[in-house]
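Data block below; observations after.
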Amino acid sequence: MSGASILVYRRRHQDSRGSELRAVVRAAMVVALTLVAAVGTTNIALTRARVEADPLLSFIRATPSVNEAEPPLLGYRAAPARAPTVSMRIRATERARPIVAAPDGTERMVLAARTVSVRGAPSDVPVLLVGARLDALRIGDTADVDGSVRESAPGTGEVAWVSVRAVPRVETPAPGGPARMVQRAVDGLREGLVQAASVLPGNAGTLLPGLAIGETRTLPVDLDQAMRDTGLTHLVAVSGANCAVVIAVCAGLAALLGAGRRIRIVAGTIGLGGFVLLVGPDPSVLRAAVMAVVALAFLLYGRPGAGIPLLNIAVIVLLLVDPGLAGDYGFLLSVAATAGLLMLSTPIATVLKRWLPGWLAYALAIPTAAQLACGPILILLRPEMTMTAIPANLLAEPAAPLATLMGVIACIAQALWPPLGFVAVWIAWLPTAWIIAVARFFAAVPGGIVSWLPGPVGALGLCALTVVVLGCIFHRARRLRWGVAVLVTGTLLTGAAVVPPILARAGTPQNWIIAACDVGQGDAVLVRSGGSVALIDSGREPAALTRCLDRLGIDRINLFVLTHYDADHSGGIGALDGRIDTALIATPHSEQDKRVRAQLPSGARQARDGDRGTLGGLNWRVFWPPPAQDGLSANGSAVVWGFVGEGTRALFLADLGGDTQALLIPSLAASGYAHATDVVKVAHHGSADQDPELYRVLHPRIGIISVGARNTYGHPRAQTLDFLRALGVRTMRTDLNGTVYIVRTGRGLEVRTER
């Protein structure tokens, strides 16, 4: 056989062996996928069967009143106050998180737990507790609770939501128990960091614990909102970046001590385990931790793992263990962001490097990739696009690692050697303050948030737009002129900013007479008649008011009524610059009030009981405050404005409290409002401080509550909703319904809503 023949034979033999190996690999992959699917399906089926047989679910379904419709609280539908109470023993699985502050100053919290028993019968299903003082429970603690329950929404990880009636009776493990000792140590470290960071000026002390260990209890509402509006919330959601910092520090310390590769990897793994114990088992933490453990395992045997396979392994493992994570938004966003970084950042950077320096191209590619991947999921949570997210992340991201590292060091050092913790906290102050400055700056940029179509339609639309944009950027025909690609991309992005508002305006009813704008936690209500427009209050943020005015096509405000000077009623005045003809205002008292007053036309006059005027075909009147306001609070002296005309009678109660509301009854009854009111703007966002007798006298058909989703005040309160419901009032809420429109039709007044 000639040499050439031998080479041909060897090549064919190698090709044959390669084909056989590829066939074996394919078969192994099919078998593995089949096994994973079988295990997952079996796990889901067994879990569901166990849940169906659990006494808690049996109790819920045997008690119809428990499942009555009830407005959700931050997405959690708490059980009705009159629902039957069930006693159960639970075991806490996560730390309590504050969600709503009640008027008496107490906090309402949510706490993830598993049941141990229900009415004495063994039980083991996940539940979510909603109530006060749940922070008395630590992870692993068991407690006896009494509460009303309702079945959770489909797709959530919990079987039921429990409205806890009283402070849980905690069964604390033995003081010397290992689990309790570890938990006390972890809680001590967390509280120590919060205390150590509290010395920092400004809001840096409230943000640093969030950057380091995800502790956001003390984060102010306005800063939290600013970070949401600029796409920086992920910085306080502990995930891969935090885990990477911890592993790097532990491995680096081991290397300084002369440890070998395997010892360094083990040190990193131990440090990661301690960090997960410190921050808690949140979905994003679990995803990052499992990925890191798998990667470290590969490194231990000298075989570095690729990013996408590691992510796939982490997702498969976690979903096999807990299928409920598939519906957890935190888990979905964590996976999407990681996939976006792994799959899109390098290609985007490669394209950007044609026109930008390499370092800048990668700096822009990272937030762009994460934002593109997470965008459709974020639309499901909030139908808005954050146009400033990429530049905000570009400027804030470089500061996050140093703040995180120093925060973790301070967390540990303040328990071992407080001087080191003190130094670390102050080193972390500068990057933390920088992140705060970036968040506040970009949150104030006009037009930084653009409305988008809500729900699955909006998510699918944004997903399709993202695919088109990426297709233009990564088109295989690289001979395509880059100018055309940039033009198409720019057109699409412009369309993303312009088309949704146009569509939203097209869906707005044309014959509205009252429109309660969804401006978050605040009031901004428009009244229209004969081409004239009145606006009662301006909400908290100019951007939110601008979006509402643009959607309704309002360019001119003929009458502006400022009921009082609290920020949630006056903060959006900047959107009205040059638009106001005349204004009725509350009496300014403080210097801050006078600064707000200075933003209004010089001809604005202070409103008093008895003031009257016309707006198109409407006759309006001021019912409060009286000329003498001695002893009245800011809310108590707020302007109450109402109108009659064109077959409609409406009253806007500002933030009046119950005592003051009672004083209005005689004048309102004398003015024809008794049992003849069509629309009432419920006072103070539906707070508990109401006089039910006033509403009985008015007997309105429609009640509007201007309130922000996920607000920290507990608005609207259940007792207010209950007595309005008992009166037969149709209650509409901007947190649930979006902008609320009162429309005049041939059949009379009708209610239309944005959602």
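Positions are given from 1, in the same order as the sequence printed here.
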May I ask you to test the Leu207-Ile435 pair for a side-chain heavy-atom distance under 4.5 Å? yes
Residue pair Leu128, Leu111: steps toward the side-chain contact (heavy atoms from CB on, under 4.5 Å) verdict: CA-CA 6 Å; Leu128 193 73; Leu111 173 71; over 6 Å; no
Return the minimal non-hydrogen interatomic distance between Ala197 and Val425, and the atom names on each side. CA-CG1, 4.1 Å
Quick one: CG on Leu420 to CD1 on Ile427, what's the gap to the nearest 0.5 Å? 8.5 Å
If every non-hydrogen atom of Ala439 is compared with every non-hydrogen atom of Thr230, which pair is closest and at what distance? O-CG2, 3.5 Å
Looking only at heavy atoms, what is the nearest atom pair of Leu208 and Thr432, with distance? CD1-OG1, 3.7 Å
Is there side-chain contact between Val145 and Met88, with heavy atoms separated by less than 4.5 Å? yes
Is the side chain of Trp434 donor-acceptor paired with the backbone N or O of Leu395 at a distance under 3.5 Å, no angle test? yes
Do Ser117 side-chain atoms and Ser123 backbone N/O form a donor-acceptor pair below 3.5 Å? no
Shortest non-hydrogen pair, Gly205 vs Leu200, comes out as N-CB, 3.8 Å
Within-4.5 Å side-chain heavy-atom neighbours: Met406 and Leu430: no
Trace of the side-chain contact (heavy atoms from CB on, under 4.5 Å) decision for Asn203 with Arg440: CA-CA 11 Å; Asn203 294 133; Arg440 294 195 185 281; 2.7 Å; yes
Search all heavy atoms of Ala399 against all heavy atoms of Pro431 and return the closest pair with its distance. O-CB, 3.3 Å
For Thr93 and Ala112, indicate whether the former's side chain and the latter's backbone hold a donor-acceptor pair under 3.5 Å. yes
Would you check, one step at a time, whether the test side-chain contact (heavy atoms from CB on, under 4.5 Å) holds for Thr142 with Ile90? CA-CA 5 Å; Thr142 59; Ile90 57 92; over 6 Å; no
Closest non-hydrogen atom pair, Ala428 against Ala403: CB-O, 4.2 Å
Do the side chain of Arg114 and the main chain of Asp124 share a donor and acceptor less than 3.5 angstrom apart? yes
